[in-house]
Amino acid sequence: MRQSDHEVPTRLERAAGDLIGLAADPPEDFALRVLRRVGIQREQYDTYVRLETPAGGLFVAAGPDAVTGAALDSAGLTATAFEERHRVRTHRSAIPATKPFPGVVTALRTGRARRLPIDLSGLTTAERAVLEAVRTIPPGQLRPVGWIAREAEVPATAVVGALARNPVAVLIPSHRVTHDGGAPCDADLVPGAGDALRAAEGVDLDREVELRRGGVVFLGSDTTRIYCHPTCAHARRIVPRHQVPFRTAREAGRAGYRACKSCRPVTV
DNA sequence: ACCGTGACTTAGG
DNA sequence: TCCTAAGCCACGG
């Protein structure tokens, strides 16, 4: 039997058929399959997933090579609102997906995201420097604004503003930054989120309050005459009978103590 | 004041 | 991911 012309499906009909076929598949990654089918390149859009953290759900967007944004939904942020904010900020669409960017889940579990590729190209040089400095704070540890300023080589007055505009919440651990007196900064977080993240990393919140009440900013060891930020891994090993509290770096210096080379206390 | 041991972290392979 | 080397430091001798 000879096939007549009108029985040959047109390109449009084939595409429609394909899309119907795609829609009949499970809903996972439907948008991605549609984009691929109509020939939109992967480089032209970001994808995002929603992952659980100690501070609630976290939307994490990424391009092919790097994470490009993250925001907690704790402030009532919906997926649609996240997509919109992402598009306004990056001029790229974020498409829901199921597969997180490689390494993100591990980074969230361990708190170690220093090697995770994060794209901060939309920020100013100073903002980028601040956030890169924040990224070097080890999990479970805290650093004051003055420390960030010195590490990033920016004026201290520029730090909090840059933190407030952190486009990659949690993965850039702004919750590890305190004011110089030790009180949490949490410039980009809703109340409660910072404490939840810090507690989950093993920060002793009660002890932090206690130190702050006493004005203690540094902790020294009278065996080595070295002083640290109290949450420094080395400071945490100083047994109580060797702990010497300091309220300022100058006070520690006058007592003959030098700064720890690991946590590099601010000596302003 | 100095030194050795061991715990811990990071960089690099 | 495992392994190693190196750096840093608590602690006791």
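A, B, ... follow the sequence lines: proteins, then strands. Residue 1 opens every chain.
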Open item on the list: Quick check: on DNA chain B, is the nucleotide nearest A:R236 upstream (toward 5') of the one nearest A:T223, or the reverse? Name the residue that is more 5'.
Closed with: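 Nearer the 5' end of the strand: A:T223.
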
[N] phosphate, OP1 or OP2: any side-chain N/O from [X] under 4.0 angstrom?
X      : N      : result
A:T224 : C:dC9  : no
A:H234 : B:dT9  : no
A:R112 : B:dT10 : yes
A:R241 : C:dA10 : no

Open item on the list: Could you check whether any side-chain N or O of A:E127 sits under 3.5 Å from a backbone N or O of A:L123, counting only pairs where one atom can act as donor and the other as acceptor?
Closed with: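 Not a single qualifying donor-acceptor pair exists.
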
Using whole Å, what does the distance between atom [atom2] of nucleotide [N] and atom [atom1] of [X] come to?
X      : N      : atom1 : atom2 : value
A:I226 : B:dA1  : CD1   : C1'   : 14 Å
A:R115 : B:dT10 : CZ    : P     : 12 Å
A:Q141 : C:dC9  : CD    : P     : 12 Å
A:L219 : C:dC9  : CG    : C1'   : 14 Å
A:Y227 : C:dA10 : OH    : P     : 13 Å
A:I238 : B:dC8  : CD1   : P     : 15 Å
A:R237 : C:dC11 : CZ    : C1'   : 8 Å
A:Y257 : C:dA10 : OH    : C1'   : 13 Å

TODO: Nearest-nucleotide wise, let me know which of A:H242 and A:C263 is further upstream toward the 5' end of DNA chain C.
DONE: A:C263

TODO: Classify the angle between the aromatic ring planes of A:Y257 and A:F246 as parallel (below 30°), tilted (30 to 60°) or perpendicular (above 60°).
DONE: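 It falls in the perpendicular class, over 60°.
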
- [ ] Please test A:T68 against A:D46 for side-chain hydrogen bond (donor to acceptor under 3.5 Å, both in side chains), starting from the C-alpha separation and ending with a verdict.
- [x] CA-CA 8 Å; A:T68 52; A:D46 289 352; 2.8 Å; yes

TODO: Counting heavy atoms from C-beta on, name the nucleotide in B:dA11, C:dC9, C:dA10 closest to the side chain of A:S221.
DONE: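 Closest nucleotide to the A:S221 side chain: C:dA10.
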
Open item on the list: Taking the ring of A:H229 and the ring of A:F218, is the distance between their centroids below 6.0 Å?
Closed with: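 That pair passes the under 6.0 Å test.
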
- [ ] Determine, for A:R143 against A:E151, whether the closest basic-nitrogen to carboxylate-oxygen distance falls under 4.0 angstrom.
- [x]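 Result for this pair is no, no salt bridge flagged.
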
